[in-house]
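Below is one structure, written out as structure tokens, with a few remarks after it.
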Amino acid sequence: MINFDKPGVEQFFQTLTVSNFTVSPDEKQVVFSTNLNGYSNLWAMDLPNQFPYPLTFNNQGAAFLSYAKTGKFIIAGFDHDGDENTQIYAVSPKGGKFAPLRTQEGERHFFSYLSEDGKRLYYPSTVGNATYFNNYVYNLETGEEKLLLEGTEAPTAIEAVSPSENSFVSIKQFGNTHSLAFVHVGEEKFLLTPETTEQHTVSEIVYTSESDIYFLTEFNDDLSYLAKFDLTSKEFSKVLQLEKEDFSSLTYSKKNNSLYLVGSYGVEDRLYEYSLADGKLTTLNTPTSVVDKLVVMASGNLYIQGRTAITPGNLFVSKDGGANWTELTHYRVPGVSVEDLVEPEVLTYPSFDGMEIEALFFKAKEENSNGHVILWPHGGPQALERKTFRSMFQSLIYSGYSIFAPNFRGSTNYGLKYSKLVEGDWGHGPRLDNIQGLEWLIENGYADREKILLLGGSYGGYMALLLHGRHAEYFKSVVDIFGPSDLFSFIESVPEFWKPFMEQWVGDPVKDKERLTKDSPITYLDGMTKPMLVIQGANDPRVVQKESDQIVAALKEKGRDVEYIVLEDEGHGFSKKQNEILVYGKIIEFFNETIKEANPVV
């Protein structure tokens, strides 16, 4: 009889995922960005056949993908090893070499719109305007390019173009919680939302006709809702708002004369269809707990890229309006059954000032548990932890560690006011929310005070460093993945188009010197006494390598136990499977050694 050994934790390192996709107009081909060969590349499937084949071999993930309505080519954006300097290319549906469309070394290009006839490409770029962007229309047939809009005051990008291309909508991004949208008609422009001094955002712009523009906004409210601007009457109106629902995605179906909305309040998504004919709202089934991308085809068919807590990113199609879904890809953890993975428990706890905080708790299965809990402060900080799959999470859980992931103040999906609470307060309120969460876990039997570890990336890496420096007594060891260590140098080194909103988001180095000093982890070197692992991507444009270099050097000078890994071919994340394997394996090894040393065998 053949017996197979229990799968090891290395199985999780081989998990594949879909990170972006597009569908041909005739729905005979789906093209998706995936790490099927260990690197991110474009692959395709000829539907209904679900066997994938490679299209590109450049080993880079696609920042954006859009199939031309003519079916002749695909627009794709690639950077190089995580440097985020995205260039625009045309990819043949047959694959192979691709054609550069708008490329310039050291610059970033974004995607706005490709005309229905596939001849004109609208795009924002740092070329000529690194801080605020210039917006161009490029004729793919003649090679002629026209500057349509020059950004001023804040990063400005064209977000939508009318069906006849007689008008377009641009967004000025003053920050994550403040943006304004304008519709441009000839030399005139009109604000989509009424004049106000109250900050709000506008997103997900959709033209349903030459005069009707739908979008999402929190204008005069806390949660985002569906709104409309009538270009003929120049009137704004609120169309649809749901209690305890924050809309995040909007897609138009001409065939059904409907708008599809993705909404959530907290850790799970919901999908809705809103009929423009009669105003009827229908709640649709979703095959995943989180919807990363929704595409509505001319046929009315729906395609979703989504994840659950126990399944990685996959593609699904519904041909009956969302009643039933067929899985097109079937990525899972190889060798590990879904039953061996862990769904999170949703917790709520009162923070230091009585504010209610929602959190996820992934409890290691009894047969695997080593009794230790890892605190994971999420990145962003204006983001949140959701019921989504992370190989790192599930591999740690399978190794015996439970994970606590609080959505501290500043997290998104709980309203605009909640999200704004981190602005100008990176190191006080969110820090204490994390500490109070640990105290709540201990008091309620979820964690042992002597068995807590700390792991974070990006803002979460910053928080890991700050918590280590100010609250080391809670933790046995700390892992920081590309976290800012000094808010002054961080503010100075971010990408140019981030700088206009750094004062609101983080602070002003002169006016807020005292607070920024107090909130910078590097201020608390004396408190960082526990073993530490620091991981950094050499090409990271958001949190540059200097941020990790300086904290590691300062701690080593004090004789502290610090291990440092720099990935030469990565940026703000891990795009290559061998790097994921290296990092996740090292984190597990580091934590295992930590708890072993704390509990030596006699």
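Count residues from 1 along the sequence.
- With ring centers used as reference points, F236 lies under 6.0 Å from F219.
- Distance alone, capped at 3.5 Å, places no donor-acceptor pair between the D512 side chain and the L516 backbone.
- When every heavy atom of D480 is checked against every heavy atom of G461, the shortest pair comes out as OD1-CA, 3.4 Å.
- Checking K387, R307, R386 one by one against D269, the salt bridge (Lys or Arg N to Asp or Glu O under 4.0 Å) holds for a single residue, R386.
- When the shell of 6.0 Å around NZ of K513 is examined, it contains 12 or fewer heavy atoms from other residues, nucleotides or ligands.
- No salt bridge links K280 with E273; every basic N to acidic carboxylate O contact stays at or beyond 4.0 Å.
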*Do S369 and Y401 pass the side chain to side chain donor-acceptor pair (under 3.5 Å) test, and can you show the C-alpha distance, the side-chain angles, and the key distance before you say yes or no?*
CA-CA 6 Å; S369 179; Y401 300 93; over 6 Å; no

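- No side-chain donor-acceptor contact under 3.5 Å links R515 and H428.
- Atom CD1 in I565 sits 5.0 Å away from atom CD1 in I535 (nearest 0.5 Å).
- Across all their heavy atoms, L242 and L240 have their closest contact at CD2-CD1, 4.2 Å.
- In this structure, the side chains of P430 and D425 come closer than 4.5 Å at one or more pairs of heavy atoms.
- Distance alone, capped at 3.5 Å, is enough to place a donor-acceptor pair between the R560 side chain and the M528 backbone.
- Here OG of S248 is found 7.5 Å from CG of L216. Values are rounded to the nearest 0.5 Å.
- At distances below 3.5 Å, not a single donor-acceptor pair connects side-chain atoms of S520 with backbone N or O atoms of T523.
- Of the possible polar contacts, one joining the S224 side chain to the F247 backbone as a donor-acceptor pair under 3.5 Å is found.
- Annotation: the span from R449 atom CZ to L438 atom CG amounts to 9.0 Å, rounded to 0.5 Å.
- For E570 (side chain) and S575 (main-chain N/O), a donor-acceptor pair under 3.5 Å exists by modelled atom type.
- Contact record, S33 with G61: OG-CA, 3.8 Å, taken as the closest heavy-atom pair.
- Using bins of under 30°, 30° to 60° and over 60° for the plane-to-plane angle, the ring pair F361/F404 lands in the tilted bin.
- Separating the CZ atom in F316 from the OG atom in S318 is a distance of 12.0 Å, to the nearest 0.5 Å.
- Aromatic pair F501/H178: ring centres not closer than 6.0 Å.
- Using bins of under 30°, 30° to 60° and over 60° for the plane-to-plane angle, the ring pair Y303/F21 lands in the tilted bin.
- Taking each heavy atom of S485 and E547 in turn, the nearest pair found is OG-O, 2.6 Å.
- Note: Y459 and H378 fail the aromatic proximity criterion, with ring centroids not under 6.0 Å apart.
- We find that K476 and E450 are not joined by a salt bridge, their nearest charged nitrogen and carboxylate oxygen being 4.0 Å or further apart.
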_Under the criterion side chain to side chain donor-acceptor pair (under 3.5 Å), I'd like the reasoning laid out for Q382 against Y418: C-alpha separation, chi angles, the key distance, then a yes or no._
CA-CA 10 Å; Q382 287 163 321; Y418 191 81; over 6 Å; no

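- Looking at T217, its side chain does come within 3.5 Å of a backbone N or O of T201 through a donor-acceptor pair.
- The backbone N or O of D433 lies less than 3.5 Å from a partner atom in the side chain of Y349, making a donor-acceptor pair.
- Distance check, rounded to the nearest 0.5 Å: CG of D508 to CD1 of I491 gives 7.5 Å.
- Both tests do not hold together for K577 against F13: distance to the six-membered ring centre under 6.0 Å, angle to the ring axis within 45°.
- Checked against the 6.0 Å centroid threshold, Y265 and Y414 count as a close aromatic pair.
- Using a distance-only test at 3.5 Å, with no hydrogens or angles considered, a donor-acceptor pair links the side chain of T594 to the main chain of F590.
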*Passes side chain to side chain donor-acceptor pair (under 3.5 Å), E580 versus S391? Steps please.*
CA-CA 9 Å; E580 267 192 344; S391 290; 5.3 Å; no

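- Relative to the six-membered ring of F215, K228 misses at least one condition, a distance below 6.0 Å or an angle of at most 45° to the axis.
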*Are Y260 and Y272 close enough, and set up right, to give a ring pair (Phe, Tyr, Trp, His ring centres under 6.0 Å), and what steps lead you there?*
CA-CA 6 Å; Y260 290 87; Y272 303 95; over 10 Å; no

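- Of the possible polar contacts, none joining the W505 side chain to the W498 backbone as a donor-acceptor pair under 3.5 Å is found.
- Under the 6.0 Å cut-off for aromatic ring centres, Y584 and F12 do not qualify, their centroids lying 6.0 Å or more apart.
- The environment of E198 atom CD is sparse: at most 12 non-hydrogen atoms of other residues, nucleotides or ligands sit within 6.0 angstrom.
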_Stepwise side-chain contact (heavy atoms from CB on, under 4.5 Å) check, T177 with Q504_ = CA-CA 10 Å; T177 59; Q504 175 172 319; 3.6 Å; yes

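- Here the straight-line distance linking atom CD1 of I357 with atom OG1 of T348 works out to 10.0 Å at 0.5 Å rounding.
- Test V342, V373, I374 against S402 for side chain to side chain contact (heavy atoms under 4.5 Å, CB included) and you get one pass: V373.
- Across every non-hydrogen atom of V18 and N314, the tightest pair is CG2-CA, 4.3 Å.
- Checking side-chain atoms of Q11 against main-chain N and O of P334 turns up a donor-acceptor pair under 3.5 Å.
- When only modelled atom types and interatomic distance are considered, E385 and N407 share no side-chain donor-acceptor pair under 3.5 Å.
- The closest side-chain heavy-atom distance from V333 to Q394 is not below 4.5 Å.
- Closest approach of I171 to A181, counting heavy atoms only: CG1-CB, 4.0 Å.
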